[in-house]
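To keep things clear, I will list the structure first and then write my remarks on it.
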Amino acid sequence: MTNLIVEEYYSVGGNRHSAAADWSTISDHLAFGADNNIAIWSPTRHSRHGISAILKGHSDKVTAVKFLTSSTTQHPQHLVGGSADGRIALWKVPDNGARWEAAVANVVAHSGTVNTIATIAGINAFATGGADGKIKLWRVDGDNLEVLGELNLKPRCIPLALALSPFSQEKSPDSAVVVVGGTRNDVQVYSAESISTAPRFTLCATLTGHEGWIRSLSITTNTDGGLLLASASQDKYIRIWRFRDGNTSTATAPSSTNSTAPSTTSLTAKVQTVYAGASKYLITFEALLLGHEDWVYSTAWNPKSLTQQLLTASADGSLSIWEADPASGVWVSISRLGDISSQKGATTATGSSGGFWTGLWSPNGDHVTCLGRTGSWRLWTYNSASEFWTQTYGVSGHIGPVNGVCWAPDGSYLLTTSSDQTTRLHAQWSSDDIWSWHEFSRPQIHGYDLNCISSITAHQFASGADEKLLRVFNKPRDIAAMLHRLCKISLPTEDAKLPDTAAIPVLGLSNKATDEHDATIETTEGELDANQESDYGSMLFNSAEPPTEDLLARHTLWPEEEKLYGHTYEISEGVTSTDGKLLMTACKASSIDNAVIRLYETEGWNEIKPPLVAHSLTITRLAHCPRTPGYILSVGRDRQWAVFQQSEKTAGQWTLVASNPKAHTRMILDCAWFMNVSSPSFVTAGRDKSMKVWSAQVSSNQFNVACVLEVKRKSAVTAVAVLSEKSRWIIAAGEDDGSISIHVLGGADGMRVVTSLDIEARLCPSATVSRLAWRPCMEGVSYCQLAVASVDGSIRILRVNLEELGGE
């Protein structure tokens, strides 16, 4: 199985929770919440393969993620994740190169969302904060999770941030400082004694000054043996608090050189104490950091810097690195990364990043990364020689259910579309004889949820959304040149006239083509300037790497060529004929009047009338058979399939030749034609947990269809794809629970199941498989690739070894 089916590519966006990501301080693993899953990425690994694993184990959205460091080795032993349903799950972290296994524990932690998780270095214990207003301390005992103690916050608030640090190991070896922030304007500092057995919590100090909810807390050891605490708030400010060892020093009120703001009545000048047993810390206010223009979501201390450096991420779309000036002690921003846009508040297509939700340091402190509103990670590398941070490509993916997936007709790239209102292009980057998949373009950023997509040619596609029309897009010249240079994808012929780039108005939905030579283009306020777009097109053309997120989100749009009208409700399906000359579409419907198939010829985009009528409810899938004459297959929620035949005498005329109103006992969700068969044959998949293979006997006046094979599955079959390969047909089936199976048909009659296998659960999505698509196979290749789209927001490409599959 390992060699038969392997993962080639994962793509998924990160959850917009500031606590739902963590970068191990020892290994190169970065874990982040991705819908109900946790994705694993190694940003500094040279293999460039992006996300290496997607871990299943939660049944609701992941809201908090943390690595736990073992007390016996210098290797992170476990990864813990919390979710919106109040559960926490535990995974063992594998050794380098080993495979991630299933979660070893999954327990109920809180009666509400797990908002935050905090750990103590070197101790197999961690704390969780939930929406039920409680803090719980946990211990990892082998593969088990044990609750050690519980803290009810008073006055009651919902904890949003936690920070833990041990007291002196000599004087109080079993005690820790617990710092809590949340839906109040103050920070509470507790001491916890006997944390390894039965912890006792004592509220020791309340740090005031913030004027908004506390969104993040980060604590680190200071050079003088004390601690530094950073607190970030919705009031746009970061405050730094100094913890001095109360047994060895005398704390004084903060001097003016240690604060960037004048003293006010809101600042606490008094010294506060947190103590446990014989140990105590004296807490004083150190500095107020000003500079962000919106909520501050995340703070993180550099784990390796000789001087204390603090990384902050804000909703204003910026990352800031702060450091205390050695001469004056004043904290200043020494680097500012991210977006600088004059169009704040606009769509991502016109300049707004939507802000950053979390910022993380690499284990050695020479990389920083952040997660933005689009679900994509940005990565910067520090060059010590030039003392500059340089942005490089990260990982990206959808942040909503993926509803459509299709390959280019020549298989050169993959298009996906989602309820996150974006369309994305994925292709293989070739560099130094290493091939790796990446997102190379974001052709469409829409205002409606997108439901379907279909390639018309290698340089054109059509998509349908929750609006009553379809849109057709052309590949711009800059994107074609970039794909040719980095992915070895053929350039269009000289006859193909492609626009240079595309722009979109702030309040518009149509990507407008802009040509570089058109110097008379007038741009209204809020539109991108054509010359500015040309500059970014030059960056795409000259780049030696896949585009970074800021380029993807703004400058890789495809211009819109045509809008196709006619449907009365939201578009549900759109598919192109195999020769690219016909576009077939359907919309959501509850009556026979709306459940029609509309046809458009792609030469002049004229509708071919009349529309095709057979169904009474929404048509879920359409498929085209290129035989002579051609056939259109449709299936729908009315449990019916229908076959239309193209007239050999009258161009554009289609006739209903067969239908089965009770083909399945429940709605039919997908269908596909078999190619290279003697008689027209197709497969249907339904909510009744079955796949059925149908074969037609065609005579001069009749088209008789019979069910020749039925395959039962354990849950509803939601997606099917057929690969015709030599003397066999390979059916990939996706199910409602995320399972994927492969069935090889062959034998003397060609319609007998020769081999069936279930793909390993770790390679399958955690939620419904929405679409499957085989990549057009290249001649002489012993494998094929299967694209899988899921409701969990993930895209994955699985490589199937055809030689080991059997069924010849």
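- Partner of Glu439 under the side-chain hydrogen bond (donor to acceptor under 3.5 Å, both in side chains) criterion, out of His398, Arg424, His426: Arg424 alone.
- A salt bridge is absent between Glu573 and Arg598; no separation between the charged side-chain nitrogens and carboxylate oxygens falls under 4.0 Å.
- Side-chain contact check for Thr585 and His567: at least one donor-acceptor pair (N or O, by modelled atom type) lies under 3.5 Å.
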For the pair Tyr600 and Tyr565, evaluate ring pair (Phe, Tyr, Trp, His ring centres under 6.0 Å) and give the outcome as yes or no after the intermediate values. CA-CA 10 Å; Tyr600 302 86; Tyr565 297 90; 9.6 Å; no
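- No side-chain donor-acceptor contact under 3.5 Å links Ser572 and Asn451.
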Mind running ring pair (Phe, Tyr, Trp, His ring centres under 6.0 Å) on Trp558 and Phe461 for me, showing each step along the way? CA-CA 10 Å; Trp558 290 24; Phe461 74 88; 5.3 Å; yes
Does the side-chain hydrogen bond (donor to acceptor under 3.5 Å, both in side chains) test come out yes or no for Gln646 and Gln653, once each step is laid out? CA-CA 6 Å; Gln646 186 176 19; Gln653 182 176 337; over 6 Å; no
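- The backbone N or O of Gly400 sits nowhere less than 3.5 Å from a side-chain atom of Asp35 that would complete a donor-acceptor pair.
- A salt bridge links Arg442 with Glu549: the closest approach of a Lys/Arg side-chain nitrogen to an acidic carboxylate oxygen falls below 4.0 angstrom.
- Residues satisfying the salt bridge (Lys or Arg N to Asp or Glu O under 4.0 Å) criterion with Asp466, sequence neighbours excluded, are Lys588.
- For Trp429 and Tyr393, the ring centers sit closer than 6.0 Å to each other.
- Heavy atoms of other residues, nucleotides or ligands lying less than 6.0 angstrom from NZ of Lys468 number 12 at most.
- If you check the side chains of Asp792 and Ser794, you find a donor sitting under 3.5 Å from an acceptor.
- A ring-centre distance under 6.0 Å is found for Trp673 and Phe682.
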What do the steps show when you test Glu735 against Ser715 for side-chain hydrogen bond (donor to acceptor under 3.5 Å, both in side chains), and what is the final call? CA-CA 6 Å; Glu735 301 179 30; Ser715 63; 2.7 Å; yes
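- Residues Lys689 and Asp736 are not paired through a salt bridge, judged by the lack of any N-O separation under 4.0 Å between the basic side chain and the carboxylate.
- When only modelled atom types and interatomic distance are considered, Trp437 and Glu8 share a side-chain donor-acceptor pair under 3.5 Å.
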Starting from the C-alpha separation in whole Å, work towards a yes-or-no answer on side-chain hydrogen bond (donor to acceptor under 3.5 Å, both in side chains) for Ser634 and Trp641. CA-CA 6 Å; Ser634 62; Trp641 59 252; over 6 Å; no
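- Residues Ser454 and Cys452 are not in side-chain contact: their nearest non-hydrogen atoms beyond the backbone lie 4.5 Å or more apart.
- Summarising the geometry, atom CH2 belonging to Trp407 is positioned 10.5 Å from atom OG1 belonging to Thr416; distances are rounded to the nearest 0.5 Å.
- Under the salt bridge (Lys or Arg N to Asp or Glu O under 4.0 Å) criterion, Arg637 pairs with no residue at all, not counting sequence neighbours.
- Side-chain atoms of Asn676 and Ser724 form no donor-acceptor pair, as typed in the model, at a separation below 3.5 Å.
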Would you check, one step at a time, whether the test side-chain hydrogen bond (donor to acceptor under 3.5 Å, both in side chains) holds for Asp688 with Ser690? CA-CA 6 Å; Asp688 58 2; Ser690 70; 2.9 Å; yes
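- Side-chain atoms of Thr718 never come within 3.5 Å of backbone atoms of Thr768 as a donor-acceptor pair (strictly under, hydrogens ignored).
- Using modelled atom types and a 3.5 Å distance limit, the side chains of Gln428 and His438 yield no donor-acceptor pair.
- No hydrogens or angles considered: a donor-acceptor pair under 3.5 Å links the side chains of Gln444 and Ser463.
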